[in-house]
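Data first, discussion second: the structure below is written as C-alpha cells.
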Amino acid sequence: MLKIASWNVNSLNVRLPHVLAWTDVASPHILALQETKLPDDRFPADALQEAGYQSVFSGQPTYNGVAILSRQTAGDVVTDVPGLDDPQRRILAATLPTDIGDVRIVNLYVVNGSEVGSEKFEYKMHWLQQVTAWLAEEASRHDRMVVLGDFNIAPDDRDVHDPEAWREKILCSTEERSALGRIFDLGLRDTFRQFEQEEKVFSWWDYRMNAFRRKMGLRIDLVLASRAMAKRCVASYVDIEPRRQDRPSDHAPAVAEFDVS
DNA sequence: ATGTCAGTCAACGACTGA
C-alpha cells in the first residue's frame with residue numbers, strides 16, 4: 001500500500017511534535033505540508049530524518065511555505081511555474097519512486113483569497129489560472145500524478161457545514177469552484193469522492209467560536225489523482241485525530257491510499 | 001461575536017494573515 005497525505009500544519013515550528021507523533025502512528029510514505037512558515041535554513045530536516053523521512057521544501061519567513069516528506073529520495077523538484085513570478089512559496093512538485101514506478105507529487109498551498117472580489121481574490125484567481133495551465137503540462141508528462149494540498153476551495157455543498165451561510169462566500173464561491181473544476185477537467189479526480197463517505201466530513205475548522213467542537217468546518221484539503229492513480233486508489237479520508245490534540249493546527253490531514261501491488 | 005492562533009517587529013502590544 002502506498003499512503004499519501006496532505007496536512008496544513010500552520011507553522012511547522014509549533015507543529016513539529018504533532019507531525020512526528022502523527023507520522024509515527026499513520027506512517028504515510030509521502031506527506032505534503034503547507035504553511036510551514038519557516039525559512040529554508042530553519043527547516044527541521046534533521047528531526048524528520050531521524051523519524052525516517054527525507055524532506056524537500058520551499059519556505060519563507062512568516063507566511064506560506066510547503067514541504068514534501070518522503071521515505072524515498074525525491075527528484076525533479078520544482079518550486080516555480082511559468083507565469084507566476086511569485087515570492088510566495090506555495091508550490092512544490094517532486095517525483096518519488098514507488099513499487100509501480102515514479103509518481104509525480106504536486107503539493108499546492110492555494111491562495112486563500114480573503115474575500116470574494118478583493119485584491120487577494122483576484123490574485124487567487126490568477127494564481128489558479130497559471131497553476132492550472134502548468135498542471136496540464138505536468139499531467140501530459142506524468143501519467144501517474146497526485147496533486148494534493150490546501151486548495152482553499154470546498155468542492156461542493158457537501159463539503160460545507162452550512163452551505164447557505166457560506167453561499168458565494170470565500171472558499172465556496174461559484175467562481176472558485178469553477179476554477180477547481182478546471183483542475184478536475186485535467187483528469188484529476190477528488191479521491192475522497194471515489195468512495196462512499198459519511199456526511200459532514202471536514203478538514204479545516206476555524207480556531208474561533210469552538211468551530212471544531214461544533215463540527216463547523218469545510219473540506220478544503222484534497223488529494224487529487226490522475227486516472228492511472230485514481231484507479232489504484234483504495235481509500236481516501238480525513239484523519240481528524242490530530243485536530244483533537246493540544247495546540248492543534250486548524251487543519252487535519254487528508255489521506256489517500258493506493259494499491260501498488 | 002472577526003471572541004483564535006501564529007509570526008514579526010520591536011519591545012511585551014500592535015500589526016497581518018488565515
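Within every chain, numbering begins at 1; the chains are lettered A, B, ... in the order of the sequence lines, protein sequences first and strands thereafter.
Distance A:Asn152 CG to B:dG17 P: 15 Å, rounded to the nearest Å. For the pair A:Tyr207 OH and B:dG7 C1', the computed distance is 13 Å after rounding to whole Å. Put simply, CZ on A:Arg89 is 18 Å from C1' on B:dG17, counting in whole angstrom units. Look at CG on A:Leu171: it is 10 Å from C1' on B:dA18, rounded to the nearest Å. Atom CG of A:Leu16 and atom P of B:dG7 are 12 Å apart (whole Å). Atom CG of A:Asp246 and atom P of B:dC5 are 11 Å apart (whole Å). Between the CG atom of A:Asn10 and the P atom of B:dT16 there is a distance of 18 Å, given to the nearest Å. For the pair A:Asn13 CG and B:dT8 C1', the interatomic distance rounds to 13 Å; values are reported in whole Å.
Atom CD of A:Glu115 has 12 or fewer heavy atoms from other residues, nucleotides or ligands within 6.0 Å.
In this structure, the nucleotide among B:dT8, B:dT4, B:dA18 sitting nearest to the side chain of A:Glu35 is B:dA18. Closest approach to the A:Arg208 side chain among B:dA18, B:dT8, B:dA6 is made by B:dA18 (side chain taken as heavy atoms from C-beta onward). Candidate nucleotides B:dT8, B:dA6, B:dT2 were compared by shortest atom distance to the side chain of A:Met209, and B:dT2 ranks first. Here the nucleotide nearest the side chain of A:Lys120, chosen from B:dG17, B:dT8, B:dT2, is B:dG17. Here the side chain of A:Tyr63 is nearest to one of B:dC5, B:dT8, B:dT16, namely B:dT16.
Where A:Trp204 and A:Arg15 meet DNA chain B, the nucleotide closest to each residue was compared, and A:Arg15 sits on the side nearer the 5' end. Comparing A:Asn112 and A:Pro39 by the nucleotide of DNA chain B whose heavy atom lies nearest to each, the residue mapping closer to the 5' end is A:Pro39.
Atom P of B:dT2 sits at a distance of 24 Å from the matching atom of B:dG7, rounded to the whole Å. Across B:dT16 and B:dA10, the matching P atoms stand 14 Å from one another, rounded to whole Å.
One finds a salt bridge joining A:Asp190 and A:Arg219 here, because a Lys/Arg side-chain nitrogen approaches an Asp/Glu carboxylate oxygen to under 4.0 Å. The residues A:Glu176 and A:Lys124 are annotated as salt-bridged, a charged nitrogen and a carboxylate oxygen being separated by less than 4.0 angstrom.
Using a 4.0 Å heavy-atom criterion, one finds that A:Tyr109 contacts the sugar-phosphate atoms exclusively.
A donor-acceptor distance shorter than 3.5 angstrom exists from the side chain of A:Trp7 to the backbone of A:His251, with no hydrogens or angles considered. A:Tyr53 places a side-chain N or O within 3.5 Å of a backbone atom of A:Pro28 that can act as its donor or acceptor partner.
Between A:Arg90 and B:dA18 there is a side-chain N or O to OP1 or OP2 distance below 4.0 Å. Distances shorter than 4.0 Å separate none of the side-chain N or O atoms of A:Arg247 from OP1 or OP2 on B:dT4.
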